[in-house]
Amino acid sequence: LASRAIKDGDEWILNGQKVWTTMAHLSSFGLIIARTDPDAHKHNGLTAFLVDMHGEGVEVRPLYQITGEAEFNECFFTDARVPDSMRLGAVGEGWPVAITTLMNERVSIGGAVPGRNSGPIGEVLKIWKERWANRKDAYAYAMRDEVVKSWVRNELARLTNKRASDSRKAGTPGPEGSTAKLAYAEENKATYELAVTLLATLAVLHTRAPTGNLFGPALTLLLSRPMMFQVNGATVRVAASVNVVSACNLDVAPSAVKR
């Protein structure tokens, strides 16, 4: 973490870069963790700030996806001035802020409780009903088994998230957010891969069709969303490491969990 913030009276002068910032081009404020004490242990010398994304010294550059859209951005801070009143938490306490933020982000990604047969599995079921349901050949029966297996896994994740959601209402999100995020990222990818298989040659088509057209917006998701969820809220490798540390009740320093 190389972004630096130096105290100057009632303000902080921020210099550095932040990458993979979702919807930064549409946001009024952003959260950044900057190094405020270079001499402290690397997890103790961090401070969290809320930054005006339209302020002087703040530049947002889009990162274009394969779909041509740019939901992610690079943010550059050049002598950007941040009032001390926009500091989030105490000086040097940015690491706990980052961990709490990440836990909540992972919950929002993997801990949502969608309706039954919605989302990626809903697309798979729609494709099956429109293109496969009336087929009686052996390959269709084999693909039906794959659809059923996928539905069971998605429904298991949905019900598990429902149970975890009820537990979270009693307090701060815990490691179950990482578990759900990891499971959702992997299953999301597998479900869309199944959708591509069911679409066959139609999977290569991509048009800017109105929402609701099976072979329009669905393809946008097929091309980019599954891989995006491999990164959001920490990569799947980081999520897996968090799960292992939590499940085994290990006392591991933050620097030990890198990948």
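Both backbone and side-chain heavy atoms feed into the values below; hydrogens, waters and symmetry mates do not. Since the model is a prediction, treat every value here as computed from it, not as a measurement.
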**Prompt:** Would Thr36 and Phe49 satisfy side-chain contact (heavy atoms from CB on, under 4.5 Å), going step by step from the backbone distance to the final call?
**Reply:** CA-CA 11 Å; Thr36 52; Phe49 299 94; 4.0 Å; yes
Rounded to the nearest 0.5 Å, what separates atom [atom1] in [X] from atom [atom2] in [Y]?
{"X": "Leu199", "Y": "Trp132", "atom1": "CG", "atom2": "CH2", "value": "10.0 Å"}
{"X": "Ile32", "Y": "Met86", "atom1": "CD1", "atom2": "CE", "value": "13.0 Å"}
{"X": "Trp128", "Y": "Glu146", "atom1": "CH2", "atom2": "CD", "value": "10.5 Å"}
{"X": "Ile33", "Y": "Thr101", "atom1": "CD1", "atom2": "OG1", "value": "6.5 Å"}
{"X": "Glu93", "Y": "Asn44", "atom1": "CD", "atom2": "CG", "value": "7.5 Å"}

[Y] side chain reached by [X] side chain, heavy atoms, under 4.5 Å:
{"X": "Glu187", "Y": "Ser150", "value": "yes"}
{"X": "Val51", "Y": "Leu14", "value": "yes"}
{"X": "Leu125", "Y": "Trp151", "value": "yes"}
{"X": "Leu198", "Y": "Met143", "value": "yes"}
{"X": "His43", "Y": "Trp95", "value": "yes"}
{"X": "Val19", "Y": "Leu63", "value": "yes"}
{"X": "Trp12", "Y": "Val91", "value": "yes"}

**Message:** Between Asp52 and Ser28, is there a side-chain donor-acceptor contact under 3.5 Å, judged purely by atom types and distance?
**Reply:**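 No - no donor-acceptor pair under 3.5 Å links their side chains.
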**Request:** Not counting sequence neighbours, which residues clear salt bridge (Lys or Arg N to Asp or Glu O under 4.0 Å) with Asp37? List them please.
**Result:**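 Scan of Asp37 (salt bridge (Lys or Arg N to Asp or Glu O under 4.0 Å), adjacent residues dropped) gives none.
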**Item:** Partner set under salt bridge (Lys or Arg N to Asp or Glu O under 4.0 Å) for Lys7, not counting sequence neighbours
**Value:**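 Salt bridge (Lys or Arg N to Asp or Glu O under 4.0 Å) list for Lys7, sorted by chain: empty.
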**Item:** Qualifying salt bridge (Lys or Arg N to Asp or Glu O under 4.0 Å) pairs, either residue in residues 14-26, two or more places apart
**Value:**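 Every pair satisfying salt bridge (Lys or Arg N to Asp or Glu O under 4.0 Å) with a residue in residues 14-26: there are none.
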Grab the two heavy atoms, one from [X] and one from [Y], that are nearest each other, plus how far apart they are.
{"X": "Ala195", "Y": "Val124", "answer": "CB-CG2, 3.9 Å"}
{"X": "Met53", "Y": "Ser27", "answer": "CB-O, 3.4 Å"}
{"X": "Asn73", "Y": "Pro62", "answer": "OD1-CA, 3.5 Å"}
{"X": "Asn188", "Y": "Pro120", "answer": "OD1-CG, 3.0 Å"}
{"X": "Ala140", "Y": "Arg135", "answer": "CB-CB, 3.7 Å"}
{"X": "Arg87", "Y": "Thr47", "answer": "CD-CG2, 3.6 Å"}

Are [Y] and [X] connected into the same hydrophobic cluster when the rule is that any two of I, L, V, M, F, W, Y join if their side-chain heavy atoms are below 4.5 Å apart?
{"X": "Ile99", "Y": "Leu46", "value": "yes"}
{"X": "Leu1", "Y": "Leu50", "value": "no"}
{"X": "Trp20", "Y": "Val58", "value": "no"}

**Asked** Within a radius of less than 6.0 Å around CG of Asp137, do more than 12 heavy atoms belonging to other residues, nucleotides or ligands occur?
**Response**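 Check passes, neighbour count above 12.
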**Request:** Please lay out, stage by stage, how Val147 and Leu194 fare under the test side-chain contact (heavy atoms from CB on, under 4.5 Å).
**Result:** CA-CA 8 Å; Val147 171; Leu194 177 58; 4.2 Å; yes
**Prompt:** Residues two or more places apart in sequence or in another chain: which of them pass side chain to side chain donor-acceptor pair (under 3.5 Å) with Arg61?
**Reply:**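 Applying side chain to side chain donor-acceptor pair (under 3.5 Å) to Arg61 gives Glu59.
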**Presence of salt bridge, Glu193 and Lys189, under 4.0 angstrom** =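 Counted as a salt bridge, because a side-chain N and a carboxylate O are separated by less than 4.0 Å.
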Show which side-chain atoms of residues 74-83 pair as donor or acceptor with protein atoms under 3.5 Å away, not counting sequence neighbours.
from, atom 1, to, atom 2, distance (Å)
Glu74, OE2, Gln17, NE2, 2.9
Asp79, OD1, Asn15, ND2, 3.1
Arg81, NH1, Asp8, OD2, 3.0
Arg81, NH1, Glu11, OE1, 2.9
Arg81, NH2, Asp8, OD2, 3.0

**Request:** In sequence, state the C-alpha distance, the side-chain angles, and the governing distance for Leu26 and Met23, and then conclude on side-chain contact (heavy atoms from CB on, under 4.5 Å).
**Result:** CA-CA 5 Å; Leu26 300 177; Met23 297 297 179; 3.8 Å; yes
**Request:** State whether the side chain of Thr100 and the backbone N or O of Val97 hold a donor-acceptor pair below 3.5 Å, judged by distance alone.
**Result:**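 It does not hold such a pair.
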**Pairing residues for Tyr141 by the ring-ring contact (aromatic ring centres under 6.0 Å, His included) criterion, not counting sequence neighbours** =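 Listed in chain order: nothing, the list is empty.
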